[in-house]
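Below is one structure, written out as structure tokens; the observations come after it.
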Amino acid sequence: MPKIHFDDDKMHEECGVFGVWNCADASAVVALGLHALQHRGQEATGIVSFDGNRFHSHRGLGLVGENFSDARVIARLPGTRSIGHNRYATTGETVLRNVQPLYADFEFGGFAVAHNGNLTNANTLHKALVRRGCLFQSTTDSEVFIHLIAISLYSTVLDRLIDALKQVVGAYSLIALSDQALMGVRDPLGVRPLILGRITSADGSPAWVLSSETCALDIVGAEFVRDVDPGEIVVIDDRGVHSIKPFGREKPRFCVFEYIYFARPDSIVEGMPVYAARKRIGAELALESPVEADVVVPVPDSGVPSAMGYAAQSGIPFELGIIRNHYVGRTFIEPTDSIRHLGVKLKHSANKPILEGKRVILVDDSIVRGTTSKKIVEMVRAAGAAEVHMRISSPPTTHSCFYGIDTPERSKLLAAQHNVAEMAELIGVDSLAFISIDGLYRALNHEGRNGDQPQYCDACMTGEYPIALTDLAEIQSRQLSLLAERS
Ligand code: SF4
């Protein structure tokens, strides 16, 4: 059945991972954690638990609530150790065999892995592994870890994992569960996030949590302990938490888009509250690109904190001139061709009394293809706005991301094809401005982008990719087929 896709004009979040060790009702706790991380992936979800003797798993397409709200499903995932994954596919089709955590039985016992990010040499490794006789069950690059661990000549699980990690290139955070330990890993540049938390039980014994974001800690009654460091492996077992750093030291390059859009605003990432960071970005945007207007209106939801920052800095009133319908998912079944044109209106509606006759500053987080921006501007004008000025809280998205974020190919990115004046005309606004890359860095408490020593990954805005794109052609082709699958 044809569907209307709403969010096809956004960079899509990658995936979310969550795991617990030494926790009563571990799988119920993981389901709650995954629920809090639902914004990081809505296509599929899964949990693998260990009960001291056996591993148990449940994986399914759809949302966490659709898969894990039935107590009978959770009851089939017993044990005090459990890991889970929310998937928004960046490689591999959206089919059950690609849903994580992936699980395999090795000579040393069972092993489950859940991975967030993208391996940029997965195709090269895949070919080499197939030549050695490895039989792949899925088309996701995460399965490469399973086979590299299987063929490793080291004896312990940890040594095999390190051996595998030393062969992969990419941006990733992963969590893994063996019968001996829960493990969490961040890539050497720390592009993707991972944090450690702790739940203190009634008897005082700690349960440990690994999560993509801090926003998942509250819901399970956990406290934040620390970020897992770039290039660090955290091993949690019956003796406690151990840290291993098997890679050489590299300058971290955390994904700057986590602050702009991906992370939930109530998360604290790399020590910085996302909500406050977005407000500062909005304030910096107001300093850089002021315009006379009557109201500052966010494109909900992600544009809200930066619009608040813009309004506070400019002194122009903040108003909810666009209302979002929270009860529509990512898609809506399109019953007839005649409502095709409704598209964006099913998700956003204009708050006419706020917009009528006003000079409006619309604040959004990014422009990818520009298709949704154009429709929103049309809607605001149709509601009677006298002028529409658009301000964007990220620099122009000129390049695709190959580090686990779903972006269209470069030729479809509006900013890769047009300058700002042309984009303004295409979107239909009276003026358009993006925050500068230096302004973005300043808003994140830095002195601006430090030349060839940037503090973040900002490749989608600068084209400077910090991690080798070994299998670029294959990554591009897989991203294209995923986009075709979703359109
Ligand atoms: S390219 Fe952009 S979206 Fe991708 S990791 Fe780097 S900053 Fe994040």
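One-based numbering, in listed order, for ligands and for the atoms of each.
- Near Cys460, meaning under 4.0 Å from one of its heavy atoms, ligand 1 places the atoms 1 (S), 2 (Fe), 3 (S), 7 (S).
- Not a single N/O/S atom of Cys401, whether from backbone or side chain, sits less than 2.8 Å from atom 6 (Fe) of ligand 1.
- Heavy atoms of Arg192 approach ligand 1 to within less than 4.0 angstrom.
- To the nearest 0.5 Å, atoms CD1 (Ile322) and OG (Ser349) are separated by 9.0 Å.
- For an aromatic pair to be called close, the ring centres must be under 6.0 Å apart, and His35 with Phe68 fails this.
- Of the candidates Ser431, Ser314, Ser306, Ser431 is the only one forming a side chain to side chain donor-acceptor pair (under 3.5 Å) with Arg391.
- Closest to atom 6 (Fe) of ligand 1, if we only count protein heavy atoms, is Cys457 SG, 2.3 Å.
- Around atom 3 (S) of ligand 1, the closest heavy atom drawn from Val191, Val256, Ile405 belongs to Ile405.
- Of all atoms in ligand 1, listed by their number and element, those nearer than 4.0 Å to a heavy atom of Cys255 are 3 (S), 5 (S), 7 (S), 8 (Fe).
- Arg442 has a carboxylate O that lies under 4.0 Å from a charged side-chain N of Glu288, or vice versa, which qualifies the two as a salt bridge.
- A salt bridge does not link Glu378 to Lys375: none of the charged nitrogens lies less than 4.0 Å from a carboxylate oxygen.
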